[in-house]
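Worksheet: one structure, shown below.
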Amino acid sequence: MSNASPPQRLLPAFALALTLIVFAMATRLVLMTRPEVNIPPGIASYVQIFGFGLLFDLAAAVYFTAPVVLLLALMPDRFARWHVIRAAGMVLLIALTFVLLLTAVAEWFFWEEFGARFNFIAVDYLLYSHEVIGNIRESYPVGKVLAGLAILAMLWWLPFMRRIYAAARAPWPWRSRLLWLGAWAAVVAGLAAGLDGDLKNRSSSDHVNELAGNGIYSFFAANRRNELDFERFYTALPPQQAFSIVHRTLAQDGGTWLEKQPVGGVERLIPSATAPQRLNVVLISIESMGAEFLGAYGDRRGLTPNLDRLAREGLWFSNVYATGNRTVRGLEALALALPPTPGQSIVRRPRNEELFSLGSVLEDFNYDVRFAYGGFGYFDNMNAFFDRNDYRTIDRTDIPTERIGFANIWGVADEFLFDHVLDSLGHIHRSAQRGEGSRPFFVHIMTTSNHRPYTYPAGRIDIPSGSGREGAVKYADYAIGHLLAEARKQDWFDDTLFIVTADHGANARGTVNIPVDKYRIPLFFYAPKHLKPQRVDRLMSQIDIAPTLLGMLGMRYYSKFFGRDILHAPPSGDRAFVANYQTLGYLKNGRLAVLRPRHEAEVFAVDAQNLPLAPRADPALQQEATAFYQHAAYVFRHGLYRDEEQLPPSQRTPGIPASTQTELQEQTGSHQAPRDGF
C-alpha cells in the first residue's frame, strides 16, 4: 500500500496540473483564432507552437502546483482524514481553477492590447492596481465575467469531486513523502536553472513565438528579467571599441570634446548654431498618437484636423520614430536623449536621480522647468523621476476638483489638464512681469485621453465617448486645438515654441521582431512669429528632439546627450533607434540592424515603410548599432550620465579647462561656482 499511496494523496496536485495544461492548450487554440494572428504556412510553425507550448505548459504546471504538493506532503494523516480539511482542499482547488480561468481570459485581453502573452508590462501593472483595475472595470463587464468564471470553476471539478475527496484522505508514509517532495523540488530547481524563456523564440513570426509560450510562465520569467545586462545577453564589443565608434559617430555632428573626462564619457561643449532666443517652450507628448492616424501621413478618416493644420503651418518633422512602445520609454527619450537600454525604462529603475536631462540644461539657462501629467504621477514612477531630475511636477492631485470636468481611471481629460497648465504658465509669466525673476518657462505635458477605455467629455467631437480608438484619437486632437486656441489669448504666446509629438505609437507591439512602421510618430515645432512652415523629411529619433530644440534656441551648452540637432547635423549621420524591452533596432541608410538576447544580431534591407525584407551582411552597421546600445547601457550603469552640477565636489569629474567653465557660465548666465566636473 505504501507504493500506491503517494499517488493517491497527490491526486489533487496531479489533477490541478492537468487542468492547467488543458486550459493552457485551450487558450493557445483560442488565441490562434484571433483575426490578426498570422501563422506562416508549414508544419514547422505548428510543431513549434504545440511542441514548445507543451514544454512550457508542463513547466508552469510544476511551478503552479508546487505549493499544493508541499501542503499535501506536510499534512499529517490524521488531519487529512478530517472532513473540514478535505472540504477546504476542494475549495482551494476550485479557487486555483478560478485563477487559471481568469488568467486565460486576461491573456485574451492582454493580447488584444499588446499583441503578446504576459510580459514585463503585466508585471509592472501589478504595481499600479488602482489604474489597471479601474481601467478594466470601465472597459469590461467585470462582475458578470467573474461570476461566470466562478461557476465554470465549480462545474469543472463536479465530475471528479468524489474521487479527489476520497483520495485526499489516503495514508502516506513520511519517508515516501520526503522522497516525492525532494523530487518535486529538484524538478523546480532544474527548470529554474535550465529552462530559458527565449528557447521558444525560433521563428521569424512574433505570433508563432508568443503562441509557443505559456502565459503564467512568461509572467514570472518577465519578473526575473525586467532588466537585461547588455554584455550578458547581447552580442557585445570590447568596451573601448564600442566607445570609439560612439565617439567617432557623435564627433561628426560637431562640438568641442572635453580633453579630460572619465573613461567612456561623451562630454562635449555644443556651439551655438543660431542666434540665441529665450523662448518659452511647451512640449506635449500625446498618448499613443502614431503617425498612422494623421491625415498629414495619408489617413483619410479626418481624425486629426488640428494636428494636420500644424503640419501645414509649423515645422513638420515627418520621419520621426519613437524609441519604444511604452509611455515611460517616450518620457525617457524626451528627457534624457539617451538610446533605450534593454529591460525596463530608466524612468522605472533605481539610481535614476540627478541625471543629465533636458530639464537640467534648461534650468542652467534659468528656465522654470515643469512636468505635467493628467493622471496620478506615482504611476510608472513619473513624479519621482522628474522631481529628482530638475523638473517640478504637476499631476492630477494638483488640479482643483471643481476644474475637472471629466476624468477616467487614467487621468483628467486632456482639455482640463491643458487648462490647468495654462493657468500655471500664466502665473509664472505674471511673476516675471512683476520683477520676481525674469524666467522663461519650459513645461513637458503628458496626456492620457488616447487610451482604453477611450472615454472623454460628451459633445466635443462627433464620435461617442467610449466607442473605440478613433474617438479617442479625434478627442486628443480636439484637445490640442483647444490648447492652442486658449494659448493664443495669452500675452506670452508670441514668444512661445510649442512642440507636439507622441510618447509612442498605438500598435508598436513586437516582441522578438519590431514593427518599425508602427513606431513612426508625428513631430511639429510651432511658433508662428519665429518659424516658417517647412517640412523636414530627415530620419530622426525621439532622442533627437531635445538637442534639436536647444539648437533652435541658439544655446551653447555642455552635453552628454546621444541625440543630434537634426537641423544642423550632417544628413549622412541620420538614424533612428527603435526598440522594445528586449529587441533593439537601429535604422540607418535603408537598413535595419536588430539585436536580440541570446547574442543574436542581424541586419536587414528594409522597404519603403522601413520593414525588414531580407538579411544583408553589413558588419559596420551591426557594430555601430551594438556600440550605441552597449555604450548607452554602460554610461548609465557606471554613473556617467549624472548631472554633476548636483554632485558634491569629491564626486565630480576633474579636468574641465577653466576657459570652458567660464564660457559655459557666461552662456548659461549661471552665478554658481565653476563646475569642476561639468
Side chains of Leu336 and Ile543: closer than 4.5 Å at any heavy-atom pair?
-> no
Smallest separation among heavy atoms of Gly471 and Ile463, with atom names | CA-CG2, 3.7 Å
Are the aromatic rings of Tyr586 and Phe577 close, with centres under 6.0 Å apart?
-> yes
Answer with yes or no whether the side chains of Asn306 and Asp477 bring together a donor and an acceptor at under 3.5 Å.
-> yes
Taking side chain as C-beta onward, heavy atoms only, is Arg348 less than 4.5 Å from Phe385?
-> no
What one should report as the nearest heavy-atom pair of Val188 and Val62 is CG2-CG1, 3.7 Å
Indicate yes or no: at least one non-hydrogen side-chain atom of Ile49 is less than 4.5 angstrom from one of Val47.
-> no
Indicate yes or no: at least one non-hydrogen side-chain atom of Thr501 is less than 4.5 angstrom from one of Leu283.
-> yes
Is it true that Arg117 and Glu107 have a side-chain N and a carboxylate O under 4.0 angstrom from each other?
-> yes
Within the distance-only criterion (no hydrogens, no angle test), does the side chain of His504 pair as donor or acceptor with the backbone N or O of Gly324 below 3.5 angstrom?
-> no
Taking Arg28 for the side chain and Leu54 for the main chain, is one N or O donor matched with an acceptor at less than 3.5 Å?
-> no
Salt-bridge criterion met for Arg616 and Asp618 (N-O under 4.0 Å) | no
Just checking, is any N or O donor in the side chain of Asn450 or Ser288 under 3.5 Å from an acceptor N or O on the other one?
-> no
Rounded distance [0.5 Å steps], CG in Leu310 versus CG in Leu294 | 9.5 Å
Is the closest basic N to carboxylate O distance between Asp503 and Arg329 below 4.0 Å?
-> no
Any side-chain heavy-atom pair of Tyr629 and Pro342 under 4.5 Å | no
Identify the two heavy atoms, one from Ala632 and one from Leu338, that lie closest to each other, and give their separation to 0.1 Å.
-> CB-CD1, 4.0 Å
Which heavy atom in Val328 sits nearest to a heavy atom in Val347, and how many Å separate them?
-> O-CG2, 3.6 Å
Closest heavy-atom pair and its distance - Ala66, Trp184 | CA-NE1, 3.9 Å
Ion pair Arg596/Asp198, N-O distance below 4.0 Å = no
Check step by step if side-chain contact (heavy atoms from CB on, under 4.5 Å) holds for Tyr321 and Gln542.
-> CA-CA 6 Å; Tyr321 289 82; Gln542 265 176 326; over 6 Å; no
How about Trp410 and Tyr454: are their ring centres within less than 6.0 Å of each other?
-> no
Side-chain donor-acceptor pair present, Tyr475, Glu415, cut-off under 3.5 Å | yes
Do side-chain atoms of Arg520 reach the backbone of Val320 as a donor and acceptor pair under 3.5 angstrom?
-> no
Pair Ser203, Asn209: side-chain N/O donor-acceptor within cut-off below 3.5 Å = no
Roughly how far apart are Ile521 CD1 and Ile545 CD1, rounded to 0.5 Å?
-> 5.5 Å
With sequence neighbours left out, write down each residue that passes side chain to side chain contact (heavy atoms under 4.5 Å, CB included) with Phe52, or none if nothing qualifies.
-> Gln48, Leu55, Phe56, Leu199, Lys200, Arg202, Ala212
Sub-3.5 Å donor-acceptor pair from the side chain of Ser541 to the main-chain atoms of Asp544, do we have one?
-> no
Full working for side-chain contact (heavy atoms from CB on, under 4.5 Å) between Phe50 and Met25 = CA-CA 8 Å; Phe50 292 104; Met25 278 294 181; 3.9 Å; yes
Please list, chain by chain and in numerical order, all residues satisfying side chain to side chain donor-acceptor pair (under 3.5 Å) with Tyr297, sequence neighbours excluded.
-> Trp316
Is Asp574 salt-bridged to Lys588, going by a charged N under 4.0 Å from an acidic O?
-> no
Given ring pair (Phe, Tyr, Trp, His ring centres under 6.0 Å), test Trp156 with Phe23 step by step and report yes or no.
-> CA-CA 11 Å; Trp156 175 260; Phe23 288 2; 5.0 Å; yes
N/O donor-acceptor pair under 3.5 Å between Tyr46 side chain and Ile39 backbone = no
Parallel, tilted or perpendicular: which describes the rings of Phe376 and Tyr378, with under 30° parallel and over 60° perpendicular?
-> parallel
For Asp57 and Asn214, test the side chains for any donor-to-acceptor distance below 3.5 angstrom and give the result as yes or no.
-> yes
Sidechain-backbone polar pair: Asp380 side chain, Met382 backbone, donor-acceptor under 3.5 Å = no
Could you give the distance from CG (Asn381) to CZ (Phe379), rounded to the nearest 0.5 Å?
-> 11.0 Å
Backbone N/O of Tyr373 and side chain of Asp395: donor-acceptor pair under 3.5 Å = no
Does a side-chain heavy-atom distance below 4.5 Å link Leu93 with Leu16?
-> yes
Heavy-atom pair with the smallest gap, counting every atom of Ala407 and Arg396 = CB-NH2, 3.5 Å
Audit row: Glu292, Lys518, salt bridge (Lys or Arg N to Asp or Glu O under 4.0 Å) steps and yes/no | CA-CA 8 Å; Glu292 68 267 23; Lys518 302 304 182 183; 5.0 Å; no
Are a donor atom and an acceptor atom from the side chains of Glu332 and Ser345 found within less than 3.5 Å of each other?
-> yes
To the nearest 0.5 Å, how far apart are CE in Met540 and CG in Leu587?
-> 13.5 Å
Please assess Tyr519 against Asn580 for the test side-chain contact (heavy atoms from CB on, under 4.5 Å), listing each intermediate value before the final yes or no.
-> CA-CA 10 Å; Tyr519 279 66; Asn580 57 41; 3.9 Å; yes
His444 versus Ser285, side-chain donor and acceptor atoms under 3.5 Å | yes
Can you tell me how far the CG atom of Leu96 sits from the OG1 atom of Thr19, to the nearest 0.5 Å?
-> 10.0 Å
Any side-chain heavy atom of Pro615 sitting closer than 4.5 Å to one from Val603?
-> no
Phe220 and Phe118: aromatic ring centres closer than 6.0 Å?
-> no
Over 12 foreign heavy atoms within 6.0 Å of CZ, Arg163 = no
First locate atom CG of Leu523, then atom CG of Asn319, and finally report the distance between them rounded to the nearest 0.5 Å.
-> 11.0 Å
Is there a donor-acceptor contact under 3.5 Å linking the side chains of Arg460 and Ser465?
-> no
Is there a donor-acceptor contact under 3.5 Å linking the side chains of Asp517 and Asn610?
-> no
Could you walk me through whether Tyr456 and Asp414 pass the side-chain contact (heavy atoms from CB on, under 4.5 Å) check?
-> CA-CA 9 Å; Tyr456 39 84; Asp414 293 350; over 6 Å; no
State, with a plain yes or no, whether a side-chain heavy atom of Asp462 is found less than 4.5 Å away from one of Lys474.
-> yes
Can you tell me if Ser449 and Glu287 form a side-chain donor-acceptor pair at under 3.5 Å?
-> no
